[in-house]
Every structure is written in C-alpha cells, then in structure tokens.
Amino acid sequence: MASPLALERIVVVGASLAGARAADALRRQGFAGTLDLVGAEKHPPYERPPLSKQILAGVWEFERASVDLPEDFEASWHLGRTATSLDLPSRTVALDDGSALEFDGLVIATGATPRALPGTEGLSNVFTLRTIEDALFLRSAAASAEHVVVIGGGFIGSEVAATLATREVWVTIVDPLPSLMGRVLGDDFGPYFEGLHSGHGVSLRLGVGVVSLESTPDGAVSCCLLSDGSRLACDVVVVGIGVTPATGWLAGSGVALDPADGSVVCDGTCAVLGENGAVLEGIVAAGDVARWDHPLFGRPVRVEHWENAVAMGEAAALRLMAVPGAETGYLDVPLFWSDQFGKKIQFVGLRSPGDEVLLVEGSTEEGKFLAVYSRDRVLTGALGVGRPARIIALRNLIAERATVEAVYSERS
Ligand SMILES: Cc1cc2nc3c(=O)[nH]c(=O)nc-3n(C[C@H](O)[C@H](O)[C@H](O)COP(=O)(O)OP(=O)(O)OC[C@H]3O[C@@H](n4cnc5c(N)ncnc54)[C@H](O)[C@@H]3O)c2cc1C
C-alpha cells in the first residue's frame with residue numbers, strides 16, 4: 001500500500017454513503033491533495049434507508065435524507081458521471097464523458113443495483129427501489145393503486161409492504177421461501193413477522209413463486225401468475241429480489257471480482273486484490289460492493305447495510321492513508337435495522353444455516369424480544385425487536401467470541 005506521502009490525488013468512485021464517509025475520513029486524516037468524487041447519480045450523497053420508510057410514506061422530503069459532510073469539506077465532484085473503466089498500468093479511471101482521472105489512491109464504492117425480474121423490462125408499473133427517483137415513482141404509483149404485489153419477502157420487500165400498508169394500500173408479498181425475511185433471519189421467527197404483517201392487512205403468499213406476468217397492450221402488468229396456479233390481479237408490482245454489486249466498469253481491469261456475484265475482492269483490511277491474489281497498491285473498497293476476509297468470522301463476507309457502508313468507508317480511508325492500526329483488519333460486526341409497523345427490528349452478526357437459536361428475553365407475544373444465534377455455544381448473531389440497547393451489548397459479546405452463557409452472566 002502506498003505511503004501517505006505518496007498520495008497526491010485520490011479518486012473515489014461511487015459518491016454515496018461509503019464513498020462520502022471514505023472521502024470525509026481522508027480529509028479528517030489530513031489528506032490535503034486532490035480529491036475527486038465520481039457519482040453516477042446527479043445528487044450529492046443521500047441516505048437510502050428513508051427511501052422505503054419516511055420518503056415512501058410521504059412524511060419526509062428528499063432534502064432531509066442528505067448525507068452530512070462538514071461545511072468546509074473540499075472535493076471535486078463529478079456528479080451524473082459514470083466511471084466506465086479502470087486502467088491499472090496508467091492508474092486512471094475513464095468517465096462516460098470521455099475524460100479520465102489519474103490517481104495515486106483509489107476508493108471503489110460503487111455499491112449495488114437491484115436485480116430485475118427477467119421479462120419485466122419496459123413494463124410501466126414494475127418498480128425496484130434503490131434511488132430517490134425509484135422511491136418517488138413508486139410513491140406516486142402506489143397512491144392510486146388498488147393492489148400492490150411485492151415480489152420478494154426480504155427486508156426491502158417487507159419494509160415497502162409495511163410502509164404502503166400503513167398508507168392503507170392493499171399489499172401482497174409473494175416469496176418462494178417459507179418465512180418472511182427468512183433468508184437473513186432463518187425460519188424461527190417467521191410466524192412472528194408474518195403475524196405482524198397480516199395483523200396490519202398485508203396478504204402473504206409464502207412458499208410460492210411468480211411464474212409469469214400478464215400485461216395489458218399498453219405495457220402494464222395486470223396479473224401475477226403464481227407457482228400454485230393462483231392469479232393475483234394487481235396494478236403495481238415491486239420487485240425486491242436482491243442486488244448485484246455494481247462492478248461492470250471493473251471487468252477486465254485486473255481487479256479480482258468474486259465469481260459468484262461480481263463483488264470486489266478485498267483482504268481483511270479493505271485493500272483490493274488483483275486477479276493474482278496480491279494486494280493492488282493504493283486501491284481500497286468499501287460498502288455494498290466489497291467482499292472482504294472477515295477476521296472475526298474467518299470467511300469472506302459482503303454486507304449490504306448502512307452501518308457497514310459508514311464503518312467500512314472510514315476503515316478503507318484509514319487503510320489507504322496507512323494510518324497505524326488499519327493493517328490489523330476491518331473487524332466490524334455487521335449490524336442492521338429495519339422499521340416495520342412501529343417496530344425496530346435489529347440484527348447483529350452473521351447467521352448461518354444450522355445455528356442454534358435461543359430466545360433470551362421477552363416474548364413474541366409482547367412484541368419485544370431478544371434472541372441469540374450460536375454455533376457450538378459461540379455467539380454468531382442476535383435478533384432484537386424493540387431492544388436497541390441490548391443489541392449493542394450483544395454486538396460486543398459477538399466481537400469477543402463470547403459464548404451463550406455470557407449473555408446470561410452479563411445480565412445478572
Ligand atoms: C430502500 C433501501 C432501504 C434501506 N434500508 C436500510 C435499513 O433500514 N438499514 C440498513 O442497515 N440498511 C438499509 N439499506 C442499505 C444501505 O442503504 C446500503 O447498505 C448503503 O446505501 C450502501 O452504501 P454504498 O455507498 O456502499 O452503496 P450505494 O448506496 O449503492 O451507492 C453507490 C453509488 O455508486 C454509484 N455508482 C455505481 N456505479 C458507478 C459507476 N460506474 N461510476 C460512478 N458511480 C457509480 C451509484 O449510482 C450510487 O450512487 C437500505 C437500502 C435501500 C436501497
């Protein structure tokens with residue numbers, strides 16, 4: 001990794017949360033050289049969590065969602081500009097206007113884009129949700145909709161359903177998995193989350209998939225045909241079936257991309273690896289786009305949460321600046337939250353199939369509880385509903401590789 005003295009020009013590609021936090025940390029660490037921020041969106045960095053919550057609900061205007069940067073923050077912004085390729089030998093990033101930016105240091109923070117449902121291209125009432133434009137289009141379409149079908153019962157789908165149901169829109173979630181949010185949380189608390197949704201009027205079709213869509217001659221979906229032979233008439237469809245790391249611009253550059261999902265492969269310190277497995281000097285990655293060897297979990301992980309974009313953006317900047325300590329590894333224990341029907345749902349750690357799940361506080365009946373996940377008694381994760389302070393305590397225990405017993409002794 002280049003020494004801080006060799007860094008005169010740093011380019012950050014992806015001007016959203018991870019990119020902004022990295023850029024801010026670079027300045028706070030004393031980087032006084034040229035700082036270029038390249039962002040495909042025309043807006044300065046903004047927060048995405050409100051898109052499926054306050055903005056979709058119509059209770060926040062977009063301005064409230066902006067990412068905070070210091071007033072004296074200085075950078076050259078290239079907004080509405082897309083990086084089209086990276087040339088490692090000349091250390092340049094090419095942009096879609098034909099220009100190129102040279103760098104000594106590079107931060108890759110291009111995030112991810114929603115997966116589309118094949119065959120829905122060009123259909124006027126099918127939406128994904130990633131940008132402010134997506135949120136505003138969906139908000140406006142849902143305002144006059146009779147029935148919204150959400151394809152995908154993960155976090156984004158469940159939040160969209162909860163927000164729209166609160167606006168008294170009839171919503172149905174369809175997912176081939178048996179449990180709502182089961183991919184991340186497992187099946188144990190599926191009945192609780194399903195009860196929460198159905199109790200607020202959301203219809204659930206779990207364990208069935210969408211096999212095809214019927215559309216009108218003017219190109220709008222009118223009906224979803226499900227794998228059990230049933231039909232759902234609808235006038236808006238929201239697709240929430242996951243995201244793909246935005247790394248098309250890195251294809252063929254020599255940066256190692258994970259063969260499964262195309263994410264940028266990093267070592268345990270946010271340093272980007274080349275195709276030969278060696279660290280690429282002066283190049284780091286952060287946020288949804290990056291996969292790194294997690295020193296605590298002992299395996300490569302990619303995390304699509306707000307908190308990781310913030311923490312990893314900062315860690316990547318420190319690594320680039322060779323700040324002492326940064327080389328020991330990026331150890332953040334993943335944490336995310338979701339707001340649905342007034343409930344604060346939080347998960348820390350990483351769940352794997354087969355983890356033991358134990359309810360340690362509260363109950364699903366009272367709608368406030370804490371459950372821990374473990375493997376061979378060592379804590380791997382914790383799920384809290386309405387338990388924010390406890391989740392932070394659990395996060396520390398997971399970082400210490402504590403056992404389930406420590407949860408009880410910590411409370412006594
Ligand atoms: C609707 C929604 C709700 C969410 N709610 C929560 C929540 O409640 N809790 C939680 O923990 N997390 C939540 N998240 C996840 C969280 O917002 C993301 O993890 C976070 O935004 C990731 O930040 P990022 O900077 O890595 O990537 P992104 O936010 O995806 O930003 C990447 C940026 O790079 C730009 N870009 C891509 N390719 C290029 C290119 N070639 N050249 C230039 N620019 C490029 C993109 O346009 C984008 O602006 C939510 C996400 C969404 C979409």
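Order of listing sets the numbers, starting from 1, for every ligand and every atom in it. Count residues from 1 along the sequence. These numbers were taken from a predicted model, which means no experiment stands behind them. The basis for the numbers below is simple: all heavy atoms, side chains too, and nothing from hydrogens, waters or symmetry mates.
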**Q** Examine Phe137 together with Phe127 and report whether their ring centres are nearer than 6.0 Å.
**A** no
**Q** Which of the numbered atoms in ligand 1 are below 4.0 angstrom from a heavy atom of Val13?
**A** 42 (N), 43 (C)
**Q** Check this for me - ligand 1, Trp306, N or O atoms closer than 3.5 angstrom, yes or no?
**A** yes
**Q** With a cut-off of 3.5 Å and sequence neighbours excluded, list every side-chain donor-acceptor pair involving residues 241-261.
**A**
residue: Thr247; atom: OG1; partner: Gly262; partner atom: O; Å: 2.6
residue: Trp249; atom: NE1; partner: Thr110; partner atom: OG1; Å: 3.3
residue: Trp249; atom: NE1; partner: Ala246; partner atom: O; Å: 3.4
residue: Ser253; atom: OG; partner: Leu250; partner atom: O; Å: 2.7
residue: Ser253; atom: OG; partner: Val255; partner atom: N; Å: 3.2
residue: Asp258; atom: OD2; partner: Ala260; partner atom: N; Å: 2.9
residue: Asp258; atom: OD2; partner: Asp261; partner atom: N; Å: 3.3
residue: Asp261; atom: OD1; partner: Ser263; partner atom: N; Å: 2.9
residue: Asp261; atom: OD1; partner: Ser263; partner atom: OG; Å: 2.7
residue: Asp261; atom: OD2; partner: Arg291; partner atom: NH2; Å: 2.7
residue: Asp261; atom: OD2; partner: Arg302; partner atom: NE; Å: 3.0

**Q** Got an N/O contact under 3.5 Å between Arg81 and ligand 1?
**A** no
**Q** Just which atoms of ligand 1 are under 4.0 Å from any heavy atom in Glu304?
**A** 15 (C), 19 (O)
**Q** Which word best sums up how the rings of His294 and Trp292 line up, parallel for under 30°, tilted for 30 to 60°, or perpendicular for over 60°?
**A** tilted
**Q** Has ligand 1 got any nitrogen or oxygen that is less than 3.5 angstrom from a nitrogen or oxygen of Thr82?
**A** no
**Q** When only distance counts, is Leu129 in polar contact with ligand 1, meaning an N/O pair under 3.5 Å?
**A** no
**Q** I'd like to check whether Lys53 has a polar contact with ligand 1, where a contact means an N/O of the residue lying under 3.5 Å from an N/O of the ligand.
**A** yes
**Q** Does Glu41, backbone or side chain, put an N or O under 3.5 Å from an N or O of ligand 1?
**A** yes
**Q** At under 4.0 Å between heavy atoms, which part of Val289 makes contact with ligand 1: side chain, backbone, both or neither?
**A** neither
**Q** Just distance, no hydrogens or angles: give the donor-acceptor pairs under 3.5 Å from side chains in residues 363-372, sequence neighbours left out.
**A**
residue: Ser363; atom: OG; partner: Glu366; partner atom: N; Å: 3.2
residue: Ser363; atom: OG; partner: Glu366; partner atom: OE2; Å: 3.3
residue: Glu366; atom: OE2; partner: Ser363; partner atom: N; Å: 3.3

**Q** Give yes if a backbone or side-chain nitrogen or oxygen of Ala83 is under 3.5 Å from a nitrogen or oxygen of ligand 1, and no if not.
**A** yes
